[in-house]
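Everything numeric here is computed off the predicted structure, so don't read it as measured data. For the single chain, residues carry numbers from 1 onward in sequence order.
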Amino acid sequence: MKKGSCLDIYEYLKEKILSGNLKAGDKLPSLRQISTKRKINTTTVLKAYEMLEREGYIFKVLGKGSFVSKNRDYSINNNNRLILDRALITEEEKKNLIDFSKDEIDLIKLIGLDLRNIMLKVLILNDDIFESENLKGNQLLRELISDYLEDLDIFVSKEEILVLNSSQQCLNTILKLFFKKKGDITIIVSNPTKYKALNLFKERVNVKGVHLLDDGWDFNDFENILKNNKIDFIYESFNYQNPSGIIWSNEKKERLIELAQEYDFYIIEEDNNSDFYYLDEEPKSLKSYDRAGRERVFYIKDLSKYIHWEMKISYMVIPPIFRERLDFEVLNSEITPGNFTQKILEYLIQSGLYKESLIKLREKMKDKYIYMLNRLNKMKGVKLMHSPGGGRSIWIKLNKNIDEKELYHLCKKQKVSFLPGTIFYWDKREESKIRLSFVGLEKDTIEEGLNIIERAIKEITDKVL
């Protein structure tokens, strides 16, 4: 390629934009400046700028020049940088890390489930293990899930169940179904809410937040939004909400279904925590209140959270009205997990090992949960936001003089990790809160980690005072 060609100019400026050297809103050199520097005519530079503009990298302002477009700013914000920082921890670093951020379960370690032996049995029992399955997922597995849900007062046929790789993929599939262009869809979430879902929504749709009370949303706030906006979806975890740990009252769950009918919106329920009840009876899902023939709830459960984080498998129950459209979307996307993974889950459910493992798991988690609560109640500089009697993590409020990000980085230096509260809010607020998960840690490690966090809080407090 000739050094002074329009393609050369195009590639040079494009690389500067993608690398972040030129950021959103930055002004580009004038046509005359580049033509003089490169000793080429302005028409050549103009063609390069027109190519960049057509592809959305830059935009023109009459009389002022050309600027880098916002939608081509590939840098990430500080909150996402914290998330990425955690995700990029090496295996070697993990060995010495006390990780309060991780909320996935490992049944092999926790209750001694012999997953390797189960895999061998599945291989022996299934000659067709590596053959392709129904695009909605293994038929017998969907029948078993349907029977399992019936015990939870969720009455659906196997045809309403899709087996996918992860809850995030379920969310993405729903959004694809309705997505045309950014701004066409409005979704309401809790403020705070699950950060992975929040980041996905921000890329695709308009997001509005509703304040959480101890028994669910502030319905005065929520109904005011409904009266003044066209809402397409709401997204929520109604039992042991992530990150707050709140359980919605049954009255509010019923009222939400009524409002969905009245204002014509749909509800995405991600129900990954309701099996983790320790002190009270199992809470009812929102889906159990859904009305046959007038279904409003997309129900999602991520089973990799229960079994092992490497075993990627989830399922989604869909309102019958969307069955064909979602089937077609799955057909085009090829996003169902492998048959081997599905057969393992099929075996766990059919043999009774799944239910048996959950019972053992709850006993283990209950012991850790109570220990964690007692220790946090004695800890200076923090306050428990809620004690709901279940879930996989605890939502903590720090004293006002504690900066959560400063605390995060100070603890990280001492090999302790947690999730800062700011990543869970849609409106970028600074709330001095943190989420501590206990499911992947033993009690002695929990104690060691909390001691480090307590000393770091004292260090920050003493510095402020």
Side-chain angles (χ1 to χ4, degrees), residues 126 128 131-167 169-178 233 235 237-239 253-254 256-257 260-261 264-272 274-275 282-304 306-307 312-339 341-355 358:
N126 297 275
D128 60 347
E131 292 182 12
S132 60
E133 255 296 343
N134 187 294
L135 67 91
K136 296 164 78 79
N138 180 297
Q139 182 167 309
L140 178 55
L141 174 58
R142 287 184 289 119
E143 288 174 359
L144 290 168
I145 291 172
S146 176
D147 292 341
Y148 183 85
L149 290 173
E150 192 170 322
D151 293 338
L152 304 176
D153 294 330
I154 299 174
F155 301 96
V156 294
S157 72
K158 70 177 187 296
E159 298 306 320
E160 294 166 62
I161 297 170
L162 286 175
V163 180
L164 300 176
N165 281 310
S166 66
S167 56
Q169 203 166 59
C170 292
L171 291 174
N172 197 39
T173 303
I174 294 170
L175 291 185
K176 276 186 177 180
L177 192 67
F178 296 92
F233 288 101
Y235 164 83
S237 298
F238 297 91
N239 297 318
K253 289 173 184 174
E254 289 186 274
L256 185 60
I257 294 290
Q261 295 289 348
D264 190 25
F265 60 83
Y266 287 88
I267 304 161
I268 304 171
E269 176 180 17
E270 189 167 350
D271 190 27
N272 296 333
S274 60
D275 288 305
E282 183 174 8
K284 289 177 69 68
S285 69
L286 181 81
K287 180 64 181 173
S288 65
Y289 292 97
D290 214 7
R291 296 165 187 173
R294 293 190 291 169
E295 291 89 350
R296 287 279 157 177
V297 181
F298 290 82
Y299 178 81
I300 297 171
K301 205 169 193 83
D302 192 335
L303 297 174
S304 62
Y306 292 65
I307 303 167
K312 302 296 185 187
I313 189 163
S314 301
Y315 64 85
M316 173 167 61
V317 178
I318 58 177
I321 191 173
F322 299 112
R323 186 185 303 163
E324 282 191 342
R325 288 178 63 190
L326 269 169
D327 286 353
F328 190 71
E329 178 59 42
V330 172
L331 175 65
N332 287 329
S333 303
E334 297 183 356
I335 51 178
T336 51
N339 199 26
T341 301
Q342 295 187 56
K343 287 289 185 182
I344 292 171
L345 180 58
E346 177 189 302
Y347 177 84
L348 288 171
I349 296 174
Q350 198 166 31
S351 65
L353 273 172
Y354 182 72
K355 276 190 175 181
L358 280 178

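- Rounding to the nearest 0.5 Å gives a distance of 11.5 Å between CG of Leu135 and CD of Glu329.
- At least one side-chain heavy atom of Phe298 sits under 4.5 Å from a side-chain heavy atom of Tyr266.
- With sequence neighbours left out, Lys355 forms a salt bridge (charged side-chain N to carboxylate O under 4.0 Å, His left out) with Asp151.
- Within the 4.5 Å cutoff, no side-chain heavy atoms of Leu140 are placed close to those of Lys343.
- In this structure a side-chain-to-backbone donor-acceptor pair under 3.5 Å is missing from Arg142 to Val163.
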Starting from the C-alpha separation in whole Å, work towards a yes-or-no answer on side-chain contact (heavy atoms from CB on, under 4.5 Å) for Gln350 and Leu144.
CA-CA 7 Å; Gln350 198 166 31; Leu144 290 168; 4.1 Å; yes

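- Here the CD1-CG distance, from Ile268 to Leu286, works out to 12.0 Å after rounding to the nearest 0.5 Å.
- The closest donor-acceptor contact from the side chain of Thr173 to the backbone of Gln169 lies under 3.5 Å.
- In this structure, the side chains of Glu270 and Ser237 come closer than 4.5 Å at one or more pairs of heavy atoms.
- The closest side-chain heavy-atom distance from Asn138 to Glu143 is not below 4.5 Å.
- With rounding to the nearest 0.5 Å, the separation of OG1 in Thr341 from CG in Asn165 is 8.0 Å.
- Contacts of Asp147 classified as salt bridge (charged side-chain N to carboxylate O under 4.0 Å, His left out), with partners at least two apart in sequence or in another chain: none.
- When side chains are defined from C-beta on, Glu346 does not count as touching Gln342, because their heavy atoms never get closer than 4.5 Å.
- In this structure Ser285 satisfies the side-chain contact (heavy atoms from CB on, under 4.5 Å) test together with Ile154, Glu269, Asp271, Lys287, Ser288, Tyr299, sequence neighbours excluded.
- In this structure, Lys158 has no side chain to side chain donor-acceptor pair (under 3.5 Å) partners at least two apart in sequence or on a different chain.
- Between the Ser274 side chain and the Asn239 main chain, no donor and acceptor come within less than 3.5 Å of each other.
- Taking the side chain to side chain donor-acceptor pair (under 3.5 Å) definition, one finds that Glu295 meets it with nothing, sequence neighbours left out.
- The CG atom of Leu345 sits 4.5 Å away from atom CD1 of Ile313, with the distance rounded to the nearest 0.5 Å.
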**OP:** Kindly determine whether Leu348 and Ile344 satisfy side-chain contact (heavy atoms from CB on, under 4.5 Å), including the steps that lead there.
**Re:** CA-CA 6 Å; Leu348 288 171; Ile344 292 171; 4.2 Å; yes

Just do the side-chain contact (heavy atoms from CB on, under 4.5 Å) check on Leu171 and Tyr235 with the steps written out, would you? CA-CA 10 Å; Leu171 291 174; Tyr235 164 83; 3.9 Å; yes

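- Looking at residues two or more places apart in sequence or on another chain, you find a side-chain contact (heavy atoms from CB on, under 4.5 Å) between Ser351 and Tyr347, Leu353.
- Residues forming a ring-ring contact (aromatic ring centres under 6.0 Å, His included) with Tyr148 (at least two apart in sequence, or on another chain): Tyr354.
- Relative to the ring axis of Tyr289, Lys284 places its NZ or CZ within 45° and under 6.0 Å from the centre.
- Note that CD1 of Ile300 is 9.0 Å distant from CG of Leu164, once rounded to the nearest 0.5 Å.
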(Q) With side-chain contact (heavy atoms from CB on, under 4.5 Å) as the criterion, how do Lys301 and Ile145 come out once you've worked through the C-alpha distance, each side chain's angles and the decisive distance to 0.1 Å? (A) CA-CA 11 Å; Lys301 205 169 193 83; Ile145 291 172; over 6 Å; no

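- In this structure, CD1 in Ile257 is found 4.5 Å from CG in Asp290, a value given to the nearest 0.5 Å.
- By the side-chain contact (heavy atoms from CB on, under 4.5 Å) test, Asp302 pairs with Ser166, Ser167, Asn272, Ser304, Lys305, Ser314, sequence neighbours left out.
- Ion pairing between a basic and an acidic side chain is recognised when a charged N comes within 4.0 Å of a carboxylate O; Arg296 and Asp264 show such pairing.
- Judged as a side-chain contact (heavy atoms from CB on, under 4.5 Å), and not counting sequence neighbours, the contacts of Arg323 are Lys136, Glu159, Glu160, Ile318, Pro320, Asp327.
- Looking at residues two or more places apart in sequence or on another chain, you find no ring-ring contact (aromatic ring centres under 6.0 Å, His included) involving Tyr315.
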